[in-house]
Amino acid sequence: MKVKGHFDHFNINVTDLERSIKFYETALGLTEHHRKISEDGSFILVYLTDSHSNFMLELTWLKEHTQPYELGENESHICFRVEGDYDEVRKFHKEMGCVCFENESMGLYFINDPDDYWIEILPVR
């Protein structure tokens with residue numbers, strides 16, 4: 001059998017759901033697609049979309065998890081390609097205070113979200 005899969009979503013857990021939604025709306029232009037709230041209020045799942053693809057970012061908020069998440073060495077990341085003037089987008093991210101690493105020789109940089117997940121930023125080519 002040959003399985004034919006496709007990407008659907010990527011999940012990250014967040015400590016402050018509204019702060020994270022605002023960050024992803026401001027920094028990357030994502031918008032809420034839909035959400036699921038558990039009957040007992042123990043978790044909320046919010047799916048964000050870029051309005052260009054079917055891929056979504058799932059933000060999971062757990063009521064009982066109030067401490068920061070342990071991200072280990074934080075070597076995994078998600079990557080976004082941004083439209084428009086790449087230098088202006090980088091300047092905007094610097095003004096937001098979320099640029100955490102730059103590699104000018106490779107033409108890329110990373111931002112970190114409120115829970116310190118790293119996001120690679122590349123220009124649309």
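The figures here come from the full heavy-atom set of this structure, side chains too, leaving out hydrogens, waters and symmetry mates.
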Tyr109: partners by side chain to side chain donor-acceptor pair (under 3.5 Å), with sequence neighbours left out: His93
List the residues meeting side chain to side chain donor-acceptor pair (under 3.5 Å) with Thr60, not counting sequence neighbours, and say none if there are none. Asn11, Glu58
For Lys91, check side chain to side chain donor-acceptor pair (under 3.5 Å) against everything at least two apart and list the hits. none
For Thr66, enumerate each residue passing the side chain to side chain donor-acceptor pair (under 3.5 Å) test, keeping only those at least two apart in sequence or located in another chain. none
Picking from Leu28, Asn112, Leu57, what satisfies side chain to side chain contact (heavy atoms under 4.5 Å, CB included) with Ile119? Leu28
Going by the rule salt bridge (charged side-chain N to carboxylate O under 4.0 Å, His left out), which residues pair with Glu25 if we only count those two or more places apart in sequence or in a different chain? none
Kindly write out the residues that satisfy ring-ring contact (aromatic ring centres under 6.0 Å, His included) with Tyr117, not counting sequence neighbours, or none if the list is empty. none
Report whether Ile111 and Met106 are members of the same hydrophobic cluster (ILVMFWY, side-chain heavy atoms less than 4.5 Å apart, transitive linking). yes
Spacing of CG belonging to Leu71 relative to CH2 belonging to Trp118, to within rounding of 0.5 Å: 11.5 Å
Salt bridge (charged side-chain N to carboxylate O under 4.0 Å, His left out): which pairs involve residues 96-124, sequence neighbours left out? Arg90-Glu102, Lys94-Glu102
Mind listing the side-chain donor-acceptor pairs of residues 1-8 below 3.5 Å, one per line with the distance, residues two or more places apart or on another chain?
none

Taking side chain to side chain contact (heavy atoms under 4.5 Å, CB included) as the test, write out the residues that go with Ile37, two or more places apart. Arg35, Ile44
Any ring pair (Phe, Tyr, Trp, His ring centres under 6.0 Å) pairs touching residues 18-45, not counting sequence neighbours? His34-Tyr47
Sequence neighbours left out, what passes ring-ring contact (aromatic ring centres under 6.0 Å, His included) with Phe80? Give chain and number order. none
Which heavy-atom pair separates Thr15 from Arg19 by the least distance, and what is that distance? OG1-NH2, 3.5 Å
Tell me, please, which residues at least two apart from Glu39 pass side chain to side chain contact (heavy atoms under 4.5 Å, CB included). none
